[in-house]
Amino acid sequence: TVGFSQVGSESGWRTTFSESVKAEADKRGIDLKFSDAQQKQENQIKAIRSFIAQGVDAIVVAPVVETGWRPVLMEARRARIPVVIVDRNVAVNNDQLYVTRIAPNFVDEGRKAANWLMDATDGQCDIVELQGTVGSSAAIGRMEGFNEVIGKYEGAKIVRSQTAEFTRAKGKEVMESILKAEGGGKELCALWTHNDEMALGAIQAIREAGLKPGEDILVVSVDAVDDIFSALKAGDVNASVEMSPHLGGPAFDVIEAYLDGKRDFEKWMVMDGRIFTQENYQDEYELRKSQ
Amino acid sequence: MRYKDLSPAVRRSLWPIIGLFVLLLANVLISPEFFSIEIKDGRFYGSLIDVMNRAAPVALLAIGMTLVIATGGVDLSVGSVMAIAGAVSAGLIVGGVDNIAIVIGGGLLAGVAAGFVNGFLVGYFGIQPIVATLILMVAGRGIAQLINSGQIVTFHHEAFEYLGVGYLFGLPFPIILVIITFVLVQLLMRRTALGLFVEGVGANASASHYIGINDKLIKLMVYCVSGLCAAVAGMIAAADIGGSDANNAGLWLELDAILAVVIGGASLMGGRFSVFLSIIGALIIQALTITIILSGVPPKFNLLIKAAAIIVILLLQSPEFHRQIARFKKAGGAQS
Amino acid sequence: MSTDDTVLALRGVVKTFPGVKALNGVDFTLRKGEIHALLGENGAGKSTLIKVMTGVYRRNGGIIALDGTEIHPANTGDAQDLGISTVYQEVNLLPNLTVAQNVFLEREPKRFGIIDWRRMNREARELLLGYDLDIDVTAPLNSYSVAVQQLIAIARGVSMSAKVLILDEPTASLDAEEVASLFNIMRDLRDRGIGIVFVTHFLDQVYAVCDRITILRNGTLVGEYEAATLSQQDLVSHMLGKELEKAVHEKVGQAEAQTRETLFELNQGSSDVLEPLDISVCAGQVVGLAGLLGSGRTELCKLVFGVDELSQGDAKLNNQSIRFSNTRQAVVAGLGLCPEDRKKDGILGPMSIRENMIMALQNKRGWWRYIPMKKQRELAEHYVKVLKIATSDIEKPINQLSGGNQQKVILARWLAAEPKLMLLDEPTRGIDVGAHAEIIQLIRKLCDDGLGLLVASSELEELVEFADKVVVMRDRRKVAELSGSDISQQTIMQAIAGQS
Amino acid sequence: MNKKFLPLYVTSSLFVLLFLVGSVQFENFGTLRVFMNLFTDNAFLIIAAIGMTFVILSGGIDLSVGSTIALSGVIISVLLRDYGWHPIPAFAFVLVLGTLFGAAMGAIIHFYQLQPFIVTLAGMFFARGLSSVVSEESVPITHMFYDNVAMFGFELPGGAWLGSSTIIALVVLGLAIWLANFTRFGGRVYGIGGDAQSAALMGVPIARTTISVYALSSFFAALSGIVFSFYTFSGYSLAAVGVELDAIAAVVIGGTLLTGGYGYVVGTLFGVLIMGVVQTYISFDGTLSSWWTKIVIGLLLFVFIALQRYLVRRGTKA
Ligand SMILES: Nc1ncnc2c1ncn2[C@@H]1O[C@H](COP(=O)(O)OP(=O)(O)OP(=O)(O)O)[C@@H](O)[C@H]1O
Ligand SMILES: Nc1ncnc2c1ncn2[C@@H]1O[C@H](COP(=O)(O)OP(=O)(O)OP(=O)(O)O)[C@@H](O)[C@H]1O
Ligand SMILES: [Mg+2]
Ligand SMILES: [Mg+2]
């Protein structure tokens with residue numbers, strides 16, 4: 001029996017993630033206890049404590065935030081239940097509290113996106129940024145990585161930055177206003193969004209303002225969800241950094257190995273995402289379509 | 001004419017409108033071209049149009065919410081109902097239905113059904129409105145996600161997308177939809193006695209009962225109207241992005257809608273209502289949102305600005321605040 | 001003019017509401033150990049004067065002095081601390097708290113810093129027994145009828161009074177016996193040196209207990225008089241500014257009633273609280289309901305109107321069996337009920353006088369046949385004139401009217417709806433002498449047009465005056481039926497007391 | 001049996017029923033450990049909901065509690081990390097700050113005659129906005145004092161644990177019962193909720209009481225924030241989103257009327273416990289997808305409230 005505490009179902013990406021964990025558990029014949037925390041850390045902590053009370057064999061957590069896990073992880077440890085952290089990171093100073101973390105490096109994702117953009121524009125670019133939810137670790141990390149890179153280029157700067165809360169509708173709405181504020185957006189060179197959903201909304205706003213997304217304004221984002229491939233194909237989006245939702249497999253690998261007695265795991269298995277661009281998206285596109 | 005001589009009704013409606021103007025003026029200071037409206041390919045184009053267009057969903061919710069609040073209730077489920085209606089329409093389209101009447105009808109039906117559930121719980125079961133509609137607020141989003149299997153269902157359907165991105169008479173279609181809904185509701189409420197009954201039930205449910213007004217039925221009706229309005233808003237939201245995002249469509253919009261109604265001067269205890277002023281309230285909220293976006297202030301200050309603006313607008317409406325200002329002025333005048 | 005024994009003195013008090021000058025330079029002097037009547041038509045400004053004295057309203061001008069020093073109470077709490085206790089016009093108690101809590105709110109007995117519930121309940125019980133109220137003081141207030149609530153409010157006010165006790169229409173829904181016992185208490189307080197202000201519309205009550213009288217008209221002082229030297233006729237003409245014409249009418253006797261057709265019949269009808277009883281009303285007949293408080297008159301009205309469900313027996317209107325599942329059916333069938341508790345069941349507070357008046361008629365017509373605005377205004381103007389409702393504007397919210405005027409609006413609401421059978425539960429509560437006569441006349445005229453009327457009233461005088469038949473209730477069952485010339489205050493009293 | 005307490009009996013029996021159903025269905029459910037977990041996991045909610053009970057009893061509502069919880073957590077963690085404060089003065093600081101914040105909202109509500117729903121909604125935006133300005137990122141708390149307090153508690157049989165937060169919550173509960181039912185202040189709160197106008201005419205100091213009620217609610221919210229910080233060892237501006245709705249739901253499930261004037265503090269405790277049992281039940285089941293989780297929570301809420309209404313109604317008739 002494995003308990004899996006998921007953040008919630010706030011995006012399509014998240015749902016795909018949940019489903020793939022379930023499918024993977026099914027495939028391996030694992031009895032999965034799924035718990036949805038509805039974006040609340042307190043619910044996640046409750047869920048983990050209830051897993052402990054149920055006496056599960058292992059726990060997988062996709063944490064809402066990075067901090068605040070020490071007390072409950074210590075409790076799991078007292079109950080000798082191994083914990084695997086997936087998706088987001090956790091910040092605890094004692095890495096004995098979990099078996100391993102399988103997580104992306106948000107800062108690195110930001111860097112990748114920035115590097116691609118700087119290459120494409122020779123470091124000359126007025127950028128609009130659509131941030132994720134204020135305070136979320138993904139938004140903070142991606143912003144940090146991106147800004148670190150473009151800080152090295154004289155000609156690149158972020159002219160406007162607003163939050164669009166990771167959603168498509170907000171992406172469109174915010175972009176619409178920003179375009180107006182920037183005199184129709186003709187001076188803008190690129191749009192950088194912290195996830196694909198916002199980019200998908202924003203490209204509609206760009207199109208409705210009479211510009212061609214992907215040409216007049218370059219678009220770069222993170223996640224590489226299915227819908228972004230159609231946009232890549234249509235030339236509306238230029239690049240997206242991959243963040244795979246298929247974390248179930250690796251997590252169960254670790255758990256199985258642990259239960260077989262293995263103990264020395266790498267403490268952070270970084271999920272290294274590819275970056276998909278106009279040049280290299282086709283194979284993946286075909287692959288996903290065939291699934 | 002002096003302010004003191006104005007009738008209370010006029011006074012009441014004055015402040016929301018002044019509030020809106022102040023906000024719009026603030027926008028001009030931030031971005032000078034705010035008021036410029038161009039005509040591009042026969043369409044009006046400009047920030048003012050954006051404010052109206054983007055305010056449309058909240059304005060629709062506010063129309064329904066106004067009636068609910070007038071009966072002394074509140075409808076927390078509208079955000080979730082938006083998601084359900086969007087999901088139903090998207091589901092129909094993706095399921096191969098091409099007939100626009102069926103697609104829209106499906107969404108509306110979902111809205112009425114939701115409103116019926118709410119109205120039944122409140123009116124006939126006697127459950128307190130906040131809790132009764134909280135049930136559907138929680139479960140409704142689940143239902144929408146269930147329909148979509150938790151994914152964003154993207155679709156292409158020209159006629160349906162017209163709801164969100166179409167233009168009529170040079171105006172974005174959502175604006176037209178708000179106007180139509182407003183006129184219909186206004187006719188229903190002011191050209192028949194329904195508005196009177198709604199206010200009566202809100203003013204004193206027990207007395208209305210003694211007059212023989214069927215308060216249960218009235219409550220059922222207003223929740224159904226609210227559900228309908230939410231469904232239209234939900235379909236606009238889905239049509240706008242060409243997809244149904246059950247996870248986020250209408251999220252927390254119920255609070256905006258309630259806020260709009262209160263800024264419009266209605267009391268949450270029920271009684272007097274003005275659909276028009278609620279729409280003004282919705283415009284104020286959207287103008288504020290756009291002001292914040294245009295101002296270029298870092299997003300972490302968004303909520304602080306919003307809080308400050310709400311308090312200022314509310315104070316502007318408070319008679320006691322006017323009295324204080326008057327006293328303050330008098331004292332200042334006496335000193336100098 | 002103020003002598004040493006003046007306890008409360010008001011000089012040139014002014015109070016304005018937006019658009020209304022409710023008090024225009026009023027003087028008022030209350031001495032120690034006197035009962036002082038404050039009289040005037042509905043809307044004359046009595047309640048406003050009281051609210052100014054007790055800090056509910058801030059005065060716009062004038063002086064209020066207690067024991068010679070000027071006071072500025074900011075709220076009732078301040079006034080209470082100064083020794084002024086008040087029983088306001090509408091029952092202003094807290095429906096959700098227990099009876100004992102209501103009596104002792106803000107002066108709860110404590111032990112070790114904790115409220116001593118035991119003692120509070122005991123003392124409340126003892127206090128109320130003094131008013132012949134043998135009730136469970138730990139039950140919430142709203143489980144008792146308005147009349148009981150009014151007694152509780154009086155008990156609270158009286159038990160708090162230190163220097164001044166103000167009673168604003170305390171007797172409006174009390175019957176003779178309770179009134180008498182209240183008067184005994186008032187006299188007792190007077191003898192202990194407390195100044196009492198007493199507002200009422202019953203003139204004989206004024207003469208029964210009051211020493212002096214102050215009369216207001218339209219917010220101005222008419223004069224201050226010694227009760228002993230002012231004749232009732234002069235009193236009335238001072239109040240109204242003109243003479244009062246008395247209406248006389250013929251009773252429809254038993255014989256004649258039989259020739260008329262029966263409009264409404266209740267056969268062995270009973271509800272959860274009422275014992276089965278028969279009652280019938282003919283067209284053109286006024287049937288009075290008499291009884292002590294809690295005797296079940298209100299319950300009977302609610303039963304007939306369909307607020308409560310008929311658990312047994314059957315009801316007939318125009319010889320057709322009726323059974324209402326909601327009040328709307330009753331209204332459409334031609335019934336109307338003017339409820340006893342006007343604050344809770346009567347007024348639609350924030351809505352205008354016009355809207356309050358047309359509501360019942362509109363409801364009868366159905367929601368789609370909206371009464372044209374012009375017609376609404378006409379109706380409202382008409383009743384404002386006929387019932388002498390003191391207001392400048394029919395668009396004013398009803399909760400800004402004086403209590404008596406609100407009652408008139410509620411009456412107008414049902415008159416406008418022209419029902420076949422009208423149920424009036426304490427219809428003239430708080431209505432002044434001038435309008436009282438007017439209303440009785442109006443009711444008579446309606447009866448001549450074939451309306452049947454069931455009137456529950458605690459005012460025997462009123463019942464005797466216009467009822468054709470009186471049904472006497474006791475302990476939630478019918479105990480007697482008097483008609484024609486049998487009806488007199490005496491016979492009714494005897495029936496109530498159970499000595500028929 | 002006193003009819004006044006009927007909703008209370010109904011609520012508590014339904015809780016017991018729900019717990020029994022879970023115990024029969026799942027092994028390890030009907031244990032003292034799971035029962036105590038209900039308290040540990042919901043201590044912060046119990047405290048916040050008790051504050052909310054007072055507000056609702058007075059006929060108002062307080063939407064700012066969730067944000068206040070987040071704000072006090074953020075302030076504490078920043079004070080500890082960046083300014084090197086000891087937790088105790090930091091606690092005192094946020095408690096005072098919270099109380100003032102509530103008092104300010106109460107004052108605006110009373111003096112400007114504005115509606116509580118909206119004023120506290122603005123308060124909710126304000127507190128949440130302020131916490132993201134203080135720190136956007138989640139700030140971890142690492143202080144010996146925290147470890148010690150978190151460790152404090154009593155081992156009960158069956159691996160159950162009576163921890164410091166549970167103890168705090170129970171103390172708050174006792175305090176609140178005393179305040180609500182054995183002080184003059186309590187009577188005033190009920191009175192204002194019953195009919196504010198009458199209460200004023202009976203001499204209840206409306207201004208003082210209204211301001212105190214909101215100050216009390218925010219004080220409890222700040223305290224709840226402290227307990228929450230022990231629960232998560234961090235301060236985060238996005239923490240406790242929507243807790244106000246949970247608190248309101250708990251209060252109402254506990255039998256308190258939203259219109260004010262009727263209800264009991266103990267009811268609120270059962271309200272929280274019932275919501276906690278529902279959550280525990282769902283996570284023991286462990287097969288529900290995200291959306292079914294929501295639907296089932298909604299359905300259970302409905303079944304529960306309908307049952308409660310039915311029983312109370314039948315009880316008052318009989
Ligand atoms: N809150 C208010 N706002 C506006 N006008 C008011 C308000 N209260 C009273 N008035 C007006 O003041 C006048 C005096 O009212 P008041 O209640 O003092 O009359 P009253 O003498 O007590 O009459 P009644 O015998 O009917 O109780 C009335 O014309 C009434 O309309
Ligand atoms: N003195 C009393 N003692 C106990 N219960 C009472 C008393 N008076 C009234 N009640 C309660 O109030 C209920 C309502 O009585 P109802 O209002 O029908 O009486 P009523 O004849 O209209 O008298 P009134 O309205 O003058 O009080 C009764 O069913 C009873 O339960
Ligand atoms: Mg009066
Ligand atoms: Mg009665």
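We use all heavy atoms of the structure for the numbers below, so side chains are in, but hydrogens, waters and symmetry mates are not. Lettering of chains follows the sequences in order, A, B, ..., and the numbering in each one begins at 1.
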Please classify the contact of D/Ile297 with chain A as side chain, backbone, both or neither, using a heavy-atom distance under 4.5 Å. side chain

Identify which of D/Phe230, D/Phe26, D/Phe44 forms the greatest number of heavy-atom pairs closer than 4.5 Å to chain A. D/Phe44

Using non-hydrogen atoms and a 4.5 Å limit, figure out which bit of D/Ser138 sits close to chain A: side chain, backbone, both or neither. both

For A/Phe51, which atoms come within 4.5 Å of any heavy atom of chain D: side chain, backbone, both, or neither? side chain

Result of checking A/His194, A/Arg160, A/Gln162 against A/Glu129 for side-chain hydrogen bond (donor to acceptor under 3.5 Å, both in side chains): A/His194

Would you indicate whether the side-chain heavy atoms of A/Leu191 and A/Ile127 approach each other to under 4.5 Å? no

Can you tell which part of D/Gln279 gets under 4.5 Å to a heavy atom of chain A, answering side chain, backbone, both or neither? side chain

Less than 4.5 Å to any heavy atom of chain A: does that hold for the side chain of D/Trp161, its backbone, both, or neither? neither

Report the option among D/Leu238, D/Thr293, D/Val139, D/Ile282 that has the most heavy-atom pairs separated by less than 4.5 Å from atoms of chain A. D/Leu238

Which bit of D/Val241 is near chain A, if near means a heavy-atom gap under 4.5 Å: side chain, backbone, both or neither? backbone

Applying a strict 4.5 Å limit to non-hydrogen atoms, the region of A/Glu75 in contact with chain D is side chain

What pairs with A/Gln131 under side-chain hydrogen bond (donor to acceptor under 3.5 Å, both in side chains), at least two apart in sequence or on another chain? A/Ser161

Both conditions, 6.0 Å and 45 degrees, for the charged tip of A/Lys33 above the ring of A/Phe4: are they met here? no

Under 4.5 Å from a heavy atom of chain A, the part of D/Tyr236 involved: side chain

Who wins among D/Ser234, D/Ala150, D/Ser229 for the most heavy-atom pairs under 4.5 Å with chain A? D/Ser234

